[in-house]
Amino acid sequence: MTVIESHILAAIRRIPRAKVSTYGAVARAAGYPGNARRVAAALHGSTGLPWHRVLGAGGEIKLRGDFAFEQKFRLQSEGVTFRGRRVNMRQHEFKFPAAKRRAR
DNA sequence: AGGGTGACGATCA
DNA sequence: ATGATCGCCACCC
C-alpha cells in the first residue's frame, strides 16, 4: 500500500451514496492531478470501497462486460439514473472540496 | 536504466 | 458515436 494509493482510496470513500465522481476528479481531490490511471489501478486491486461510484470523464462507464453491468446495476440501486452508458452528471456528480497538490 | 502497461483524458478525423 | 493518437505517470519486470 503506497501513500498515493491511501490518499486516493480515502477520496473515494468520501463519495456519498447516490453520488458519483470520475477517475480524474478523484485524482485531483486526492492531490494528484494527472493521475487518473492510478485511481483506476488502486480501485482494481482493492475491496470494500464504493468502486461503482467512480466513472470515466463525462460520467461514462469505462468497464466492459459483466463488470459494466454490475456497476450500472449498483448505481441504479442507489437511485442514479442513466442515459445509455452515461449518468447525468449535472444531477449526480459529487463535488469534492478543492484540494492542494501533493508532493510526489 | 528502459520499455511495456492501463477500470484515463482530450482532441480530431 | 466510434476509433485512432498522443500526453500522462506510477508500476512492474
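Within every chain, numbering begins at 1; the chains are lettered A, B, ... in the order of the sequence lines, protein sequences first and strands thereafter.
For the OP1/OP2 pair of C:dA10 and a distance below 4.0 Å, the side-chain nitrogens and oxygens of A:Thr2 include no atom meeting the criterion.
Between A:Tyr23 and A:Gly58, the residue anchored closer to the 5' end of DNA chain B is A:Tyr23, taking for each the nucleotide with the nearest heavy atom.
For the atom pair A:Arg53 CZ and A:Thr22 OG1, the distance stands at 15.0 Å (nearest 0.5 Å).
Atom P of nucleotide C:dC9 and atom OH of A:Tyr32 are separated by 14 Å, given to the nearest angstrom. Atom CG of A:Asn35 and atom C1' of C:dC11 are 12 Å apart (whole Å). Between the C1' atom of C:dC8 and the CZ atom of A:Arg38 lies a distance of 10 Å, rounded to the nearest Å. One can place NE2 of A:His44 at 13 Å from P of C:dC12, the figure rounded to the nearest angstrom.
The environment of CZ in A:Arg90 is sparse: at most 12 heavy-atom neighbours from other residues, nucleotides or ligands sit within 6.0 Å. The local environment of CZ in A:Arg101 is sparse, with at most 12 non-hydrogen atoms from other residues, nucleotides or ligands closer than 6.0 Å.
For the ring pair (Phe, Tyr, Trp, His ring centres under 6.0 Å) condition, the pairs that include at least one residue of residues 68-96 of chain A, sequence neighbours left out, are A:Phe94-A:Phe96.
Salt-bridge formation is detected for the pair A:Glu70/A:Arg74: a Lys NZ or Arg NE/NH1/NH2 atom is positioned less than 4.0 Å from an Asp or Glu carboxylate oxygen.
In summary, of the residues considered (A:Glu78, A:Gln71, A:Lys72), a side chain to side chain donor-acceptor pair (under 3.5 Å) with A:His52 occurs for A:Glu78 alone.
Contacts between chain A and DNA chain B, taken as any atom within less than 4.0 angstrom of a protein heavy atom, begin and end at B:dG6 to B:dA10.
Within the nucleic acid shown, A:Ala57 comes within 4.0 Å of sugar-phosphate atoms alone, with no base atom in reach, counting heavy atoms only. Contact annotation for A:Leu55: no contact, since no heavy-atom pair falls under 4.0 Å across all strands.
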